[in-house]
Amino acid sequence: MSSNGARSFAIAPGARIKVAPGAPLQGTVDVPGAKNSVLKLMAACLMADGNYVLSNVPDIEDVVTMSELLSSIGLVIEHHRDTQELHITNNGNLQLFAPYELVERIRASVNVLGPLLGRFGEVRIALPGGDDFGSRPIDMHLRGLTELGAQFEMRHGDIYARAERLHGTNITLDFPSVGATENLLTAAVFAKGSTSIENAAREPEIGDLCNMLVAMGADIEGIGSSTLVVHGVERNALRAVHHTVVADRVQAATYIAAAAITAGEVVVRGAIAGHMEMLLTRFTDMGVVLVEQHDGLLVIGPERLKSIDVVTLPYPGIATDYKPLVVAMLSVAEGVGIVTENLYPGRFRYVDELQRLGANIRTDGHHAVVRGEAKLSGAPVRAPDIRAGAALVVAGLVAEGETIISDVHHIDRGYDDLVGRLCTLGANITRL
Ligand code: UD1
C-alpha cells in the first residue's frame with residue numbers, strides 16, 4: 001500500500017496518552033468516516049473489476065490492516081491521507097484466500113467471504129479466533145451461506161467454501177448479526193434468483209454498504225429495514241464506483257461524551273442525529289443539552305451529569321460500542337446507574353481500569369452497577385480495546401491529576417487522531 005500526504009502513525013506498542021483535567025471543552029470537532037463501514041466497503045471492492053474511490057476515509061489502523069489483507073488478495077490500494085480517500089483498483093487477478101496472520105488481526109476480514117464466494121464460487125479463509133471481548137463465532141454467517149447453496153469444509157484452521165452458483169432463498173437470522181447480514185447480503189447479490197434476509201441487522205453502516213452496492217448495480221430492497229430482499233444479478237454485472245463513507249456514530253458519541261463530561265460546549269460537526277437517536281435521548285436524560293444544527297450537533301454539558309439505566313441492544317437500540325463511554329460518564333454522574341450488556345457478556349473488562357481511576361462499579365454477569373463519584377483521580381491505566389480505550393480518555397478528562405493510558409494501539413485501530421481532535425477543543429491531552 002502506498003501513502004500520500006501521510007501523517008505518520010506513531011503506533012509503537014509503547015505509545016501512551018497523557019490526559020489531565022482542564023477547562024470545559026469548547027469549539028468544533030469534525031466526525032471522521034465510520035470504521036465499521038469503510039472496512040466493509042473496502043471488501044465490497046472485490047465484487048467488480050475497475051477503479052474505486054472511497055472518500056471520507058478515517059485515518060485509522062484498521063484501514064491499514066484491511067488494506068494489507070485486500071492487497072494480499074490482489075486489490076491495489078492507495079491511501080491518500082491528504083484528501084481522505086482510498087483509491088482501489090480491482091484488476092480481476094485475485095487470490096481467493098485470506099490467511100490467518102491477517103484474519104486474526106481484524107474481525108472485518110470475515111467480510112471477504114460473501115463477496116468472493118458469491119462472485120467466484122470459492123474461497124478459503126482462516127477461521128477467525130476470539131478477540132478482546134470474547135468468543136465471536138461466525139455460525140450464523142455459515143448457516144445462511146449454506147442455505148444459499150454453499151458447502152463448507154474445515155481443514156488445518158481454514159474454512160474452504162464452495163458453490164457452483166449460489167441460489168436465492170429465504171433466510172431468517174436467529175439474531176440480527178451485523179457481520180452475518182453483510183456476508184449474506186454481498187453473497188446474495190450474485191445468487192440466481194431472489195433472497196430475503198429476515199431479522200437483518202439495521203445498523204447505518206449496513207445501509208451505507210447497501211447504498212454502495214446499489215450504485216455498483218446490485219438490486220436491493222428494504223434498505224434500512226429488518227427485511228432485506230436481494231434480487232441476484234450476473235457475476236459480471238457490477239461496476240466500480242466512487243462512494244463517500246458514512247459518518248462514524250461511535251466517534252461522534254465519543255466527542256459528545258467528552259463535551260458532556262467536562263460541562264463543555266462543542267459542535268460535533270458531521271454527527272448524524274438520526275443514526276444515534278436512542279443514545280441522544282438517554283444523553284438528554286443525563287442532563288446534556290443537544291441541539292441539532294444543519295451540519296451537526298451542538299452539545300452543552302450540565303454542571304453534573306445525572307445517572308440513568310442503560311441496556312445495549314442491536315440497532316436502533318443503544319449500541320454495545322457506546323457502552324464504555326456511558327459507563328465512564330456514569331462514574332461521575334449523580335446517583336446510581338445500571339448498565340446491562342446484551343451483545344457481548346464478557347465486555348466489562350475495562351471496568352477494572354475505570355476502578356483504578358476511583359470509579360465505583362460492581363459487575364454481576366452482564367450487569368454493571370455504577371455509583372457516581374464526585375471525583376475521579378488520575379492513574380496509569382491500560383486500554384483493553386478500542387472503545388474502552390476511548391472511554392478511559394474521556395474519564396481522564398475529569399480525573400484529578402494525570403491519567404496515563406497505555407496500549408494506545410487499540411485506540412488507533414478505530415480513532416482518527418483522537419488526541420489531536422480533543423486538543424483542538426482545549427483538552428489537556430498529549431500523546432507520549
Ligand atoms: C460489529 C461491529 C462491532 C459491534 C458489533 C455489534 C464491525 C467490524 N464490528 O461486529 O464493533 O460491536 O457489530 O454492534 O463492524 N454472533 C454469533 N454468531 C454469528 C455472528 C455473531 O453468535 O455468526 C454473536 C456475536 O458473538 C456477538 C453478537 O452475535 O455476541 C453480535 O455480533 P455481530 O452483530 O455479528 O457483530 P460483528 O459483526 O462481529
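Positions are given from 1, in the same order as the sequence printed here. Since the model is a prediction, treat every value here as computed from it, not as a measurement. Atoms within each ligand, like the ligands themselves, are counted from 1 in listed order.
- With values rounded to the nearest 0.5 angstrom, M278 atom CE is found 13.0 Å from M276 atom CE.
- Between F175 and ligand 1, no N or O atom pair is found at a separation short of 3.5 Å.
- Contacts of D321 with ligand 1, taken as heavy-atom pairs under 4.0 Å, involve the side chain alone.
- Checked by atom type, the side-chain pair S226/N199 shows no donor-acceptor distance below 3.5 Å.
- In terms of polar-atom proximity, defined here as any N/O pair under 3.5 Å, L343 does make such a contact with ligand 1.
- Applying side chain to side chain contact (heavy atoms under 4.5 Å, CB included) to L184 and the options L166, L173, L228, V230 leaves one that passes, L173.
- Closest approach of L46 to R119, counting heavy atoms only: O-NH1, 2.8 Å.
- Contact between E182 and ligand 1 is absent, with no heavy atom of the residue lying under 4.0 Å from the ligand.
- A side chain to side chain contact (heavy atoms under 4.5 Å, CB included) with V112 is found for one member of N183, L94, L69 and no other, namely L69.
- Those atoms of ligand 1 that come under 4.0 Å of a heavy atom in G179, given as number and element, are 35 (O), 38 (O).
- By the 3.5 Å distance cut-off applied to N or O atoms, Y344 is counted among the residues near ligand 1.
- Under 4.0 Å from ligand 1, not a single heavy atom of Y315 appears.
- R249 and E205 are joined by a salt bridge, as a carboxylate oxygen and a charged side-chain nitrogen come within less than 4.0 angstrom of each other.
- Closest heavy-atom approach to atom 23 (O) of ligand 1 among the candidates M140, M66, E205, K35: M140.
- In this structure, NZ on K323 lies 3.5 Å from CD on E341, to the nearest 0.5 angstrom.
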Verdict with reasoning, H231 to E221, per side-chain hydrogen bond (donor to acceptor under 3.5 Å, both in side chains) | CA-CA 8 Å; H231 304 290; E221 290 174 40; 2.6 Å; yes

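- Note on ligand 1: T320 sits in its first shell, one or more heavy atoms being nearer than 4.0 Å.
- Using a 4.0 angstrom heavy-atom cutoff, P137 counts as in contact with ligand 1.
- Taking every heavy atom of K40 and a limit of under 4.0 angstrom, the matching atoms of ligand 1 come to 7 (C), 8 (C), 15 (O).
- Under the side chain to side chain contact (heavy atoms under 4.5 Å, CB included) test applied with E147, the options T172, I171, N170 reduce to a single match, I171.
- Close contacts of ligand 1 with I138, meaning ligand atoms under 4.0 Å from a residue heavy atom, involve 19 (C), 23 (O).
- At a heavy-atom distance under 4.0 Å, only side-chain atoms of R107, from C-beta outward, approach ligand 1.
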